[in-house]
Amino acid sequence: MATLTQILTTLAADAFKAEGLDPAYGTVTTSDRPDLAQFQCNGALPAAKAQKQNPKALAEKIAARLKADPRLAKVEIAGPGFINMDLTDEALAAHIDKLRDDPRCGVPTRATPQTVIIDFGGPNIAKTMHAGHLRSLVIGDALQRLHRFMGDKVISDVHFGDWGLQMGQLITELKREQPNLPYFDEANKGPYPNQSPVTMEDLERIYPKASAACKADPERLDEARKATAELQAGRPGYRALWEHFRGVSFAGVRREFDALDISFDWWKGESDVDKLVAPMVDDLKRRGLAVESQGALVIHIAEEGDKRELPPLIVQKSDGAALYETTDLATIVDRVAKADPDLMLYVVGQPQHDHFEKVFRGARKAGLAGKATLEHIGFGTVNGPDGKPFRTRAGGTVKLFDLIEQAKQEARKALRELAIARGENPPEERDMSPEALAEGEEIARQVGLAAIKFADLQNHRLTNYVFDLARFTKFEGETGPYLQYAAVRCKSLQLKAVQMGHWPDAISRIESDADRNLALTLDRLPGAIDQATAKRAPNVLCSYVFELAQAFSRFWAAHNIVNERDEELRGARLSLCALTFTALTRSLSLLGIEVPERM
RNA sequence: GGCCCCGUAGCUCAGCGGAUAGAGCAACUGCCUUCUAAGCAGUGGGUCGCAGGUUCGAUUCCUGCCGGGGUCACCA
């Protein structure tokens, strides 16, 4: 179903066309000046410029044509030639009434669905995910939900970091600690123990140690490089050990994904494309695209008219090993072979922008990407109160799992304060039944997640933001919990109405400013979803949901709905309420946020 | 030094060619015997970093400068 701005755009486009002008000038948008009108069309200004006409006179001509439509209550010219329009309440009511019982809230599915691969999360073996991973996960998940809702075929891929130098660093460090393990004995070709010799905690401890040692000692680094190359060449003991590293790491990462309610279609990693590397490199060499430079094999990706000098893309290190440029390129080959996507999105921090620019250029130059458009979806950092990237007081990274736990904790506190403020007397936990405890726990989980997800998504991707849990978990202001609360109020109102024997009915009347404003806001959901998806900017949807919640709160404060005596009006308002609940729930779910049963 | 991102209200951030630049928080003023008042209605608060340019019109586009962050071939 077309939205009101779309319907009015068609109308205005026809008017411009009738004047012999480009219909594209007919774009109608929600008014920037809600005090003056509901909708506006600015097309007369550029059109008049192109035609060397008086903009006001042209606007008058267009307006005269628009006035003929009975759905418009008002068509006015303002300022230099803005055309302002208001709908009649009848037309607005009739339009919104059609949205009733549409679980998609008027959002159409795409005419030509696309295959989209979204690469996000990007955990590494041996490294517990930390606060820095939050943005990739939350933004990537929102994008995956949005594209899926639009009807695209989405494949999300965690793209595990399981194949670089860090593997050699881990192997060699473990060898120092436990040299007698069978994996290090070259004579032992297996089989090896099923039980992992290390836990996630071991890996977490070993990795930084190895990394630091390699930094300090070139010989130690060489050793790690050699082990990496041997692993990649298929040395059985290293291979078996590496499988254990992976198993342990996967289990750890899965725990965090579950905690965040985020799932992936593909659990692929750099290692999965290992077999593709050699043939790809050979092919690039044969075609003269990859050339030798300073001992390494590179693709020159500088382009005509470059403002900056991009270093070449390294396909193979001088020691013959693959590095992440190589696996990224091979991953493109793999994805094209498996899914032939129209679009690939890489939700990775902004500092890696140049890396992706290089890889994308290399892929395009070598024709590896098929029909796919490749896009880096960068994002800024999560900062602490000092404005610097989020750290613990000791200076270490903040673990993602701890962050989620803290959010739950804060949510629990906030919920308790909410109950107290409401005049309830919440019992102490020890006095609660197991059922009540479990329910409270579930609500705290949902609210805590909403708090961190919404806080992350409401900022534009590229801006760095300050992580402030106390602020995020507040039920007031532009927060996830406030939105959940609005949705829950909406639902409780409906339940109350049903208990009184009142049911939603046709939206046949729109009477107050609050009715009108809520109806107009509901119609903007498809536009918000479209923009958020097209711009890969979930913050667009965030500000929309907030505005919807505000419009609902105003509506709620302005009318006592369940006690409305006018049956027709009551039915219409209950329908507006039902629509709002669907729209809120839908929008929040696209952001990865659940609405609790009650709060 | 080259390049990329950012600089908007006291604070946290939207907006990115159009009318009087917005929201939340904080401050102040009203409104709870009625569907959840952590809500609603309202007030105050800004040379949109600075200087030029393009345009009928610039916070938005271009150039230069200042300030913050990032990055500059064999780590990811």
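Chain letters run A, B, ... following the sequence lines, proteins first, then strands; residues in each count from 1. These numbers come from a predicted model, not from an experiment.
Nucleotides B/rG44 and B/rA27, compared at atom C1', are 8 Å apart to the nearest Å. Nucleotides B/rU29 and B/rG68 place their P atoms 41 Å apart, quoted to the nearest Å. Distance noted for atom C1' between B/rG67 and B/rC32: 49 Å (whole Å). Annotation: B/rA14 and B/rA76 have their C1' atoms spaced 33 Å apart (nearest Å). When the C1' atom is compared between B/rC66 and B/rA26, the two are found 30 Å apart, to the nearest whole Å. For the C1' atom pair drawn from B/rG10 and B/rA19, the interatomic distance equals 29 Å after rounding to whole Å. Of the P atoms belonging to B/rC62 and B/rU55, the separation is 16 Å, rounded to the nearest Å. The same atom, P, is picked in B/rG7 and in B/rC61; the two are 11 Å apart, to the nearest Å.
Ring pair A/His159/A/Tyr346: centre-to-centre distance not below 6.0 Å. Ring centers of A/Phe581 and A/Phe552: at least 6.0 Å apart, outside the cut-off. Ring centers of A/Phe454 and A/Tyr482: at least 6.0 Å apart, outside the cut-off.
One cannot find a donor-acceptor pair under 3.5 Å joining the base of B/rA19 and the side-chain atoms of A/Asp35. Side-chain to base pairing of A/Tyr465 with B/rU12: no donor and acceptor N or O lie closer than 3.5 Å to each other.
Computed from coordinates, the A/Gln550 CD to B/rC40 C1' distance equals 11 Å when rounded to whole Å. Atoms CD (A/Glu478) and P (B/rG22) sit 16 Å apart, rounded to a whole Å. Residue A/Asn42 contributes atom CG, which lies 14 Å from atom C1' of B/rC56 at whole-angstrom precision. Rounded to whole Å, atom P of B/rU34 lies 14 Å from atom CE of A/Met500. The distance from atom CG of A/Asp32 to atom P of B/rC16 is 10 Å, rounded to the nearest whole Å. In this structure, NZ of A/Lys413 is placed 19 Å from P of B/rA38, rounded to the nearest angstrom. Rounded to an integer number of Å, the gap from A/Arg573 CZ to B/rU34 P is 20 Å. Atom pair A/Leu36:CG and B/rG18:C1' shows a separation of 14 Å (rounding to whole Å applied).
Of the candidate nucleotides B/rC40, B/rG24, B/rU34, B/rC40 has the atom lying nearest to any side-chain atom of A/Ser553. Closest to the side chain of A/Lys496, from the set B/rC35, B/rA14, B/rA19, is B/rC35. In the set B/rU34, B/rC13, B/rA38, B/rU34 carries the atom at the smallest distance from any side-chain atom of A/Asn563. Closest approach to the A/Lys49 side chain among B/rG39, B/rC56, B/rU36 is made by B/rC56 (side chain taken as heavy atoms from C-beta onward). Looking at the side chain of A/Arg554, the nearest of the listed nucleotides B/rA41, B/rG24, B/rU12 is B/rA41. Set against B/rA19, B/rU34, B/rU36, the side chain of A/Asn560 has B/rU34 as its closest nucleotide.
Among the heavy atoms of the strands lying under 4.0 Å from A/Met599 is at least one base atom, whether or not backbone atoms are also near. Counting non-hydrogen atoms under 4.0 angstrom, A/Val488 reaches a base of the nucleic acid. Using a 4.0 Å heavy-atom criterion, one finds that A/Leu313 contacts no nucleic acid atom at all. Within the nucleic acid shown, A/Asn539 comes within 4.0 Å of sugar-phosphate atoms alone, with no base atom in reach, counting heavy atoms only. Heavy atoms of A/Asn383 sit nowhere under 4.0 angstrom from any nucleic acid atom. At a threshold of 4.0 angstrom between heavy atoms, the contacts of A/Gly79 with the nucleic acid are absent. Residue-level contact check: A/Ala48 touches neither bases nor backbone, having no heavy atom under 4.0 Å from any strand. As judged by a 4.0 angstrom heavy-atom cut-off over every strand, A/Pro46 is placed among the base-contacting residues. Base engagement by A/Tyr485 is indicated by at least one non-hydrogen atom pair under 4.0 Å involving a base atom.
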Worksheet entry | Secondary structure string for RNA chain B (Watson-Crick or G-U under 3.5 angstrom, | for other-strand pairs) | (((((((..((((....[...)))).(((((.......))))).....(((((..]....))))))))))))....

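Ring orientation note: the planes of A/His353 and A/His376 are tilted relative to one another, at an angle of 30° to 60°. Ring geometry for A/His559 against A/Phe555 counts as perpendicular: the plane angle is over 60°, on a 0 to 90° scale with 30° as the lower cut.
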Worksheet item: In B/S/- notation, 5' to 3', how is nucleotides 69-76 of chain B contacted by protein heavy atoms closer than 4.0 Å?
Response: -SS-BBSB

Item to complete: Let me have a per-nucleotide readout for nucleotides 28-33 of chain B, 5' to 3', with B, S or -, counting only protein heavy atoms under 4.0 Å.
Response: ------

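Glycosidic conformation of B/rC72 is anti; the angle lies outside 90° of 0.
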Worksheet item: What's the verdict on side chain to side chain contact (heavy atoms under 4.5 Å, CB included) for A/Phe390 and A/Val466, showing C-alpha distance, side-chain angles and the deciding distance?
Response: CA-CA 8 Å; A/Phe390 205 35; A/Val466 176; over 6 Å; no

Practice prompt. Start with the C-alpha distance between A/Val273 and A/Asp328, add both sets of side-chain angles, then the distance that settles side chain to side chain contact (heavy atoms under 4.5 Å, CB included), and finish with yes or no.
Written response: CA-CA 9 Å; A/Val273 296; A/Asp328 275 358; over 6 Å; no

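Using a 4.5 Å heavy-atom cutoff, the side chains of A/Asp217 and A/Glu223 are not in contact.
An aromatic stack links A/Phe82 and the base of B/rA19, using centre distance under 5.5 Å and interplanar angle under 30°.
There is a side-chain donor-acceptor pair under 3.5 Å between A/Arg220 and A/Thr172. Side-chain contact check for A/Asp456 and A/Tyr465: at least one donor-acceptor pair (N or O, by modelled atom type) lies under 3.5 Å. Checking A/Asp274 against A/Ser271 by side-chain atom types alone, no donor-acceptor pair falls below 3.5 Å. Residues A/Arg554 and A/Asn517 have side chains that bring a donor and an acceptor to within less than 3.5 angstrom of each other.
Along RNA chain B, the nucleotide nearest to A/Phe546 and the one nearest to A/Ala549 differ in position, and the one closer to the 5' end is contacted by A/Phe546. Residue A/Ser543 is the one, among A/Ser543 and A/Leu418, whose nearest nucleotide of RNA chain B lies closer to the 5' end (criterion: closest heavy atom).
Not a single side-chain hydrogen bond (donor to acceptor under 3.5 Å, both in side chains) links A/Gln531 to another residue, sequence neighbours left out. Evaluation of the ring pair (Phe, Tyr, Trp, His ring centres under 6.0 Å) rule for A/Tyr207 yields no partner, not counting sequence neighbours. Every residue meeting the ring pair (Phe, Tyr, Trp, His ring centres under 6.0 Å) condition with A/His133, not counting sequence neighbours, appears here in chain and number order: A/His130.
Under 4.0 angstrom from either OP1 or OP2 of B/rC40 there lies at least one side-chain N or O belonging to A/Tyr482.
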